[in-house]
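Written out below as structure tokens is the structure these notes cover.
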Amino acid sequence: MSTPRPTRTAAAAAGAEAAAQADCKIVCRAVSCSNSSSNAFTDNSRSSRSSRQQQQRRDALIRLITSRLGGMPGCSSRGSSLREALAGMAATAAVPWPPSHPARFRYWIDYQAFSSPESAALPEAALVALGGVKTGGPPKLDPVTAARQKIRDYGYMHMDKWELLLSITAKAMLAAEVLRPHQVVSIVPGCLCITRKTSLVRSLLNAYGPDTAFRLVPRTFKLPEELDAWEAWLHAHPQQDTGLWMLKNNKQRGTGLRLVPTAAAFQACFETTTRPGLEGITLYRWYLAQQYINDPLLINGRKFGVRLWVAVPGVSPLRVYLHRNGLALFSSDAYRPADFSGGSFGAGHITNYAQNENGDVWSLQQLAQHMGASAWKPLWMQMARATALVFASALRRIQEVQAAMDLRPRQTFQYFGLDFLVDAALQPWLMEANATPSMKVAHEEPATQQLIQAQKWDFVRDTFTLLRIQQHMFDEGAMARPMGVSDVAAELEARGGLLPLMHLFPCEASHPGTSIPWEQQDAALQAWLGSSSSYQAAAAELEAAHDV
């Protein structure tokens with residue numbers, strides 16, 4: 001059990017802040033030195049000096065991040081592993097990052113809203129390196145300690161203490177509703193329509209109809225409303241029934257699932273449950289019945305899922321970036337189709353990271369090399385197109401939710417985790433769009449932990465760089481200015497490993513009958529895409545990702 005962090009005196013807090021500011025200056029000087037000497041490799045002495053300067057920069061970044069994260073629960077117990085992870089984060093950063101003159105801004109992280117303190121460590125490291133000063137956010141505590149201390153302290157309760165708030169959907173939405181003109185919050189209001197399991201399928205059906213929707217996600221029926229439709233479909237399409245159905249509710253992290261055979265499915269879907277605070281009210285346990293993919297693509301006899309990361313820096317116009325990094329997460333045991341009992345999964349069925357934390361993990365590059373270009377490239381582009389369709393399907397709801405909110409173009413952003421399962425025919429199926437993907441770095445094997453850290457850190461770093469905090473954020477005038485194509489061009493220059501998907505958005509020509517409510521600024525962006533050489537280069541980079 002973790003214990004409450006001791007309260008620091010004002011003098012100690014001031015001393016810690018002064019030390020952190022000094023470290024920040026060291027980082028700035030080191031980056032400046034690295035930038036000014038980045039081309040000085042013409043003789044041994046210059047090369048040695050440049051190497052020392054880069055090492056100084058990395059050491060300074062480690063000290064800075066450690067000073068910021070040192071008060072988080074679990075840091076002391078992580079010891080050398082934390083230092084190794086931070087060293088790797090600094091080492092993987094490109095020479096120009098962090099910026100030599102980072103903006104100074106205050107950030108608040110709702111640690112207790114995340115699944116673990118480590119889940120917020122990488123985002124916090126990026127914010128610190130970009131000039132962020134931590135002003136609040138109580139730590140994530142174990143349930144017993146949290147209940148004892150009765151912590152109910154979130155960023156939306158302290159609107160005067162931050163410029164940037166990082167939180168989960170529910171708490172971030174409360175802040176978005178009362179956002180001040182200079183503030184930024186980590187949510188795109190309206191995206192709940194694709195991050196809730198019960199809403200994702202409905203959004204796709206409304207936007208594209210069943211033919212397209214059920215090429216992106218497995219066939220799904222809402223419970224109990226569509227019981228009759230489910231039964232009718234089974235009678236009409238017996239040859240398409242795989243014999244297994246997944247019952248789902250809206251719980252996250254691989255929980256809230258039950259696998260049942262078709263013969264037992266209708267009885268199981270009437271199971272009931274109760275919830276704290278709703279005593280005396282009986283609720284249905286399952287919200288969805290989804291056809292189970294029982295012919296997954298196997299590697300070395302094992303099932304795997306693909307986790308992709310997506311950044312949405314804004315919606316006026318809608319911009320969506322898919323990162324070139326990602327993870328292939330393997331089940332711990334060989335896959336056997338009948339390996340379940342009474343709705344409980346065998347280990348061969350589970351690829352979710354939260355439920356299988358120490359399983360084998362590959363990078364996408366490793367997966368591409370194993371599959372070969374002829375198999376990987378079409379699969380990668382299918383996942384990219386599916387991602388574009390999913391976020392485009394949310395636009396109508398985004399507009400509806402934000403219509404009553406006084407939000408400026410640059411005040412909201414969000415990053416997502418999309419989970420795909422690949423079947424034996426190399427068809428990717430979207431299983432979930434996660435609104436708060438875990439950025440935790442943990443694995444019992446050091447080499448795998450380093451791989452996970454490198455993949456996640458690049459994404460986090462590139463996402464916060466994409467926001468161009470040092471250029472325009474937290475200034476009321478700049479944040480109120482509408483986004484134009486010049487702003488998107490600047491995003492492209494700052495995107496790092498983020499690959500734009502705007503050219504894959506559906507239009508009437510490519511998806512007849514689509515009902516995406518594109519606005520004038522979206523049309524202007526689409527017109528620019530076709531004539532922009534910089535965008536065409538970025539689109540080509542998407543096509544060539546993970547070339548083998």
Q: Answer whether the closest heavy-atom distance between the side chains of L318 and V320 falls below 4.5 Å.
A: yes
Q | Test item: D419 side-chain N/O and E432 main-chain N/O as donor-acceptor pair under 3.5 Å | A | no
Q. Is a side-chain N or O of Q291 found less than 3.5 angstrom from the main chain of P218, in a donor-acceptor match?
A. no
Q | Side-chain H-bond candidate by donor/acceptor type, N294 with T242, under 3.5 Å | A | no
Q: With ring-ring contact (aromatic ring centres under 6.0 Å, His included) as the test, would you mind laying out the steps for F505 and W518 before giving the verdict?
A: CA-CA 10 Å; F505 286 163; W518 299 113; 5.3 Å; yes
Q: May I ask you to test the I516-P506 pair for a side-chain heavy-atom distance under 4.5 Å?
A: yes
Q) To the nearest 0.5 Å, how far apart are NZ in K248 and OG1 in T220? A) 7.0 Å
Q) Counting only N and O atoms by type, is there a donor-acceptor contact under 3.5 Å from the side chain of N300 to the main-chain atoms of R302? A) no
Q | Salt bridge flag under 4.0 Å for residues E491 and R468 | A | no
(Q) Is the distance between the ring centroids of F330 and W362 under 6.0 Å? (A) yes
Q) Can you find a side-chain donor-acceptor pair between N325 and W309 that sits under 3.5 Å? A) no
**Q.** Test log, rule ring-ring contact (aromatic ring centres under 6.0 Å, His included), inputs W245 and Y292
**A.** CA-CA 5 Å; W245 289 82; Y292 187 65; over 10 Å; no
Q) Between the side chain of D462 and the main-chain N/O of G497, is any donor-acceptor distance below 3.5 Å? A) yes
Q: Go through the steps to decide whether F266 and W230 satisfy the test ring-ring contact (aromatic ring centres under 6.0 Å, His included), and finish with yes or no.
A: CA-CA 10 Å; F266 285 89; W230 183 16; 4.5 Å; yes
**Q.** Any side-chain heavy-atom pair of M502 and L529 under 4.5 Å
**A.** yes
(Q) Quick one, V185 and L166 - any side-chain contact, counting heavy atoms below 4.5 Å? (A) no
Q) Is the backbone N or O of Q366 less than 3.5 Å from a side-chain atom of H370, with the two atoms forming a donor-acceptor pair by type? A) no
Q) Is there side-chain contact between F221 and L227, with heavy atoms separated by less than 4.5 Å? A) no
Q.
Contact between T387 and Y321 at the side-chain level, heavy atoms closer than 4.5 Å - yes or no?
A. no
Q. Do F464 and F413 have their ring centres less than 6.0 Å from each other?
A. yes
Q: Please confirm whether the backbone N or O of L389 pairs with a side-chain atom of Y208, one donor and one acceptor, at under 3.5 Å?
A: yes
Q. Do D211 and R215 have side-chain heavy atoms sitting under 4.5 Å apart?
A. yes
Q | Short side-chain to backbone donor-acceptor contact, H443 and G359, under 3.5 Å | A | yes
Q: Taking R202 for its side chain and S199 for its backbone only, find out whether a donor-acceptor pair lies under 3.5 Å.
A: no
Q. Is the backbone N or O of P517 less than 3.5 Å from a side-chain atom of Q399, with the two atoms forming a donor-acceptor pair by type?
A. yes
Q.
If we ignore hydrogens and angles and just use 3.5 Å, is the side chain of D522 paired with the main-chain N or O of E519 as donor and acceptor?
A. yes
Q. Should E541 and R324 count as an ion pair when the cut-off is N to O under 4.0 Å?
A. yes
Q | D110 and K171 ion-paired at < 4.0 Å | A | no
